[in-house]
Structure formats: structure tokens, C-alpha cells
Amino acid sequence: MRRRDFEGSGGLELMQELVQRTWSPRSRLHIGDVAWERAVNLGRSGDTWRTAVWDEGDQVVAWGWAEPDHLSLVVDPEWAEVAGDVLGWFQEREPDGVVSVLEAETHLIEALEKAGYHSDDEAPFFTHHRISLSDLRTPVVPEGFTLRHVRADEVKERAAVHRAAWSDWGPSKVTDEDLAAVMSTWPYEPELDWVVEAPSGKFVASALIWHDKIHGVGLVEPVGCDPSYRRQGLAQAVNLAALHAVRDAGATEAMVCPRGDNAYPQARALYQSIGFRPGARSRLYVRG
Ligand SMILES: CC(C)(COP(=O)(O)OP(=O)(O)OC[C@H]1O[C@@H](n2cnc3c(N)ncnc32)[C@H](O)[C@@H]1OP(=O)(O)O)[C@@H](O)C(=O)NCCC(=O)NCCS
């Protein structure tokens, strides 16, 4: 067993390799989660990230990503014992750090409990939602609005609609460069990144899907609508259009992971209005 350590963005391809090789509906992370989280946040917080990757022979069997005091980890269930090594590596740097897992990842929960962590039942959490793509409704937008996917050269416009949608808690810090990083990270495809264009030509809603072609599963991350255009069905329509696109590209199923706690119900209300159905939830593990 070999451990490799990375700083900043280093290790992403190895992380995605393991996520894709071991993915099942019981996994917390899809290749798109890792792509989105690393790419969109790299410019603002990448210098604090530490990643460790464990290989056996030519196969990645585990990794941990400390950001720096929050750990995400993926461990091949066939190599469940390595979860203890990942937690040990994290605890050495961040004795009071916290760890996110999906409640279905029982091999990780076992290792967490053994290492002295317990679930914080008061913490916000995310609920995985899934939809079969076999019977999707047709997206509809109001007269004068247009549904289409973005082009690779529309970084500024794409970044602007993201910032507008994510401005409810103060101005979004996401820059054009952050969106450029997203749009150049595998497996991003402009054909799966959909927007609603207002009659003025401005992008006012967006939905991005990441396609895992091995498993035929699309991950919706993120969706947003400019506050001036909400409750007109635009997020629903742009989401449906992106789902049609990923189905046409060969996917059979899609998933999305909105907040499951009652402090932020609007996102799951949106996805459930489209036909997504809830499944397993995430849990935050803490020590002490
Ligand atoms: C969540 C969000 C994308 C909804 O955009 P929207 O264009 O207003 O949504 P739609 O008009 O398509 O809503 C479709 C359905 O979703 C549900 N919904 C949407 N917003 C809701 C809200 N604030 N409260 C409760 N239900 C809501 C409703 O069922 C709605 O149907 P209805 O209007 O007939 O009741 C938007 O509020 C937003 O951008 N929020 C910030 C970013 C975010 O949270 N994104 C989602 C997580 S990635």
C-alpha cells in the first residue's frame, strides 16, 4: 500500500478514478460532485486543501480530502480497512475536524465510530434524490424565453447567471475564472449545461449535469434562477431540458443532492416537483 500526498488541486484525476470505479447508489459522491466542488472552489480556498491517495498496485483504493477541517473520503468497500488510515491521516492534522458520509456508506460509518466519531444529528444534511429518465415531462418556458445549452466561449454569461442565482445570502464570490475552471474540468460538457435566455438575451436560469458514462447516471449540480425571474417555472424547465440532453447522450438515471433539513426546503421542493424521489441522507460526524 502506498500513500501519495497532494496540495491544492493535485490528485483530482485519481479521486475521480476511484469514485467512478466504485460508484453505486450507496455512494455519497459522483464524479461530478468532485469535479464541481474542486473546480468552483479552487481559486478561493485551494491553497488550504490537502489530499491523500492510497494505492495498491496500480489501483487507487482510498482517498481523503481535507478542506482543511472538513474531510470527504472515498474508500473501496473491498478495502474497508483503509478507512481507518484515512481517518488517522486526517486526525493528525485536524483533531477537531468533521467528516461527511452518506448513511448508506456503512463501511465508513463503522470506521468513524471506531475512531471515536459520532453523528451530529442537529447539523444540516443533504438527501440524495433519484429520477429515472424513461418518462420525462417536456420542458416549457414562457413566451419569448429560450432554452438552450451554453457554448464553450460563454464563460462570462454563464458565470453571471450563477452569481445572480447564488446571491440570496450576499454577493456570490464565484468569479468568471472559477466558472472557466469548471468548464475545463472533466467530465464537463457544454451540451449538458443548460440555460434559459430571457427575451433580452440575458441568461436567467441554469442547470448543469455531469454524466458518468460508465454507470449511465447524470448528476445535477448546480441549478439556479436569477431572483428577479423566480416562480415562473424556469428552474424546472431548464432542469428538465438538461435531463433530456443527458438521456439523449445515453444516461438512464439522474441524481441530485439538495439539503434535506427544513432550514432550506426550496431546492428539494423544486426537484420533487420534477419527479426526483428522495433516498439516503448524508451525515456529519464529529468527535468529542
Ligand atoms: C431553488 C431555485 C433554483 C428555484 O428556482 P425557480 O425558477 O423559482 O423555480 P420554479 O419556478 O421552476 O419552481 C418549480 C417548483 O419548485 C418548487 N419551488 C421553487 N421555489 C420554491 C420555494 N422558494 N419554496 C417552495 N417551493 C419552491 C415549487 O414546487 C415550484 O412550483 P410552483 O411554483 O408551481 O409551486 C431558486 O430559488 C434558486 O436559484 N435558489 C438559489 C440556488 C439554489 O438553491 N439552487 C438549488 C440547489 S443546487
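Throughout, numbering of the chain's residues begins at 1 and tracks the sequence. Note that these values count all heavy atoms, side chains included, but never hydrogens, waters or copies made by symmetry.
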- Item | Pairing of R21 and D76 as salt bridge, 4.0 angstrom limit | yes
- Item | Presence of salt bridge, E94 and R50, under 4.0 angstrom | no
- Is there a donor-acceptor contact under 3.5 Å linking the side chains of H70 and S100? yes
Rounded at 0.5 Å granularity, tell me how far [atom1] in [X] sits from [atom2] in [Y].
{"X": "C257", "Y": "R130", "atom1": "SG", "atom2": "CZ", "result": "11.0 Å"}
{"X": "E67", "Y": "T51", "atom1": "CD", "atom2": "OG1", "result": "8.5 Å"}
{"X": "L73", "Y": "D85", "atom1": "CG", "atom2": "CG", "result": "11.5 Å"}
{"X": "T48", "Y": "N41", "atom1": "OG1", "atom2": "CG", "result": "9.5 Å"}
{"X": "W63", "Y": "L14", "atom1": "CH2", "atom2": "CG", "result": "11.0 Å"}
{"X": "L133", "Y": "L243", "atom1": "CG", "atom2": "CG", "result": "6.0 Å"}

- Would you call the rings of W54 and W89 parallel, tilted or perpendicular if under 30° counts as parallel and over 60° as perpendicular? perpendicular
- Task: Name the orientation class of the two ring planes belonging to F276 and Y271 (parallel below 30°, tilted from 30 to 60°, perpendicular beyond 60°).
- Result: perpendicular
Heavy-atom side-chain contact between [X] and [Y] under 4.5 Å:
{"X": "D193", "Y": "L208", "value": "yes"}
{"X": "W65", "Y": "V74", "value": "no"}
{"X": "Q266", "Y": "Y264", "value": "yes"}
{"X": "L108", "Y": "V86", "value": "no"}
{"X": "R3", "Y": "D5", "value": "yes"}
{"X": "H149", "Y": "V195", "value": "no"}
{"X": "N239", "Y": "Q236", "value": "no"}
{"X": "V34", "Y": "L12", "value": "yes"}

Got a donor-acceptor contact below 3.5 angstrom from the [X] side chain to the [Y] backbone?
{"X": "H128", "Y": "F126", "value": "no"}
{"X": "H215", "Y": "Q20", "value": "yes"}
{"X": "E103", "Y": "A280", "value": "no"}
{"X": "H30", "Y": "V217", "value": "yes"}
{"X": "D261", "Y": "F125", "value": "yes"}
{"X": "E191", "Y": "A249", "value": "no"}
{"X": "E56", "Y": "M1", "value": "yes"}
{"X": "R259", "Y": "A267", "value": "no"}
{"X": "Q16", "Y": "W186", "value": "yes"}
{"X": "R163", "Y": "V174", "value": "yes"}

- Hey, is CD on E78 packed in by over 12 heavy atoms from elsewhere, all under 6.0 Å? no
- Query: Is the number of heavy atoms from other residues, nucleotides or ligands within 6.0 Å of CG (D135) greater than 12?
  - Reply: no
- Message: Show, in sequence, the C-alpha distance, side-chain angles and deciding distance for V98 and D69, and conclude whether the side chain to side chain contact (heavy atoms under 4.5 Å, CB included) test is met.
- Response: CA-CA 6 Å; V98 299; D69 57 355; 6.0 Å; no
Which atom of [X] lies closest to which atom of [Y], heavy atoms considered:
{"X": "A251", "Y": "H211", "value": "CB-NE2, 3.6 Å"}
{"X": "L102", "Y": "I109", "value": "O-CD1, 4.0 Å"}
{"X": "C225", "Y": "L234", "value": "SG-CB, 4.3 Å"}
{"X": "I31", "Y": "V19", "value": "N-CG1, 3.5 Å"}
{"X": "E221", "Y": "W210", "value": "O-NE1, 2.9 Å"}
{"X": "R283", "Y": "S119", "value": "NH1-OG, 3.3 Å"}

Consider only side-chain heavy atoms of I, L, V, M, F, W and Y, link residues closer than 4.5 Å, and tell whether [X] and [Y] are in one cluster.
{"X": "W166", "Y": "V182", "answer": "no"}
{"X": "V150", "Y": "V204", "answer": "no"}
{"X": "F203", "Y": "M183", "answer": "yes"}
{"X": "L219", "Y": "W36", "answer": "yes"}
{"X": "W49", "Y": "F6", "answer": "yes"}

- Message: E197 and salt bridge (Lys or Arg N to Asp or Glu O under 4.0 Å): which single residue from R151, R158, K202, R148 fits?
- Response: R148
- Derivation of the side chain to side chain contact (heavy atoms under 4.5 Å, CB included) call for R26 and T106: CA-CA 9 Å; R26 302 170 68 80; T106 47; 4.2 Å; yes
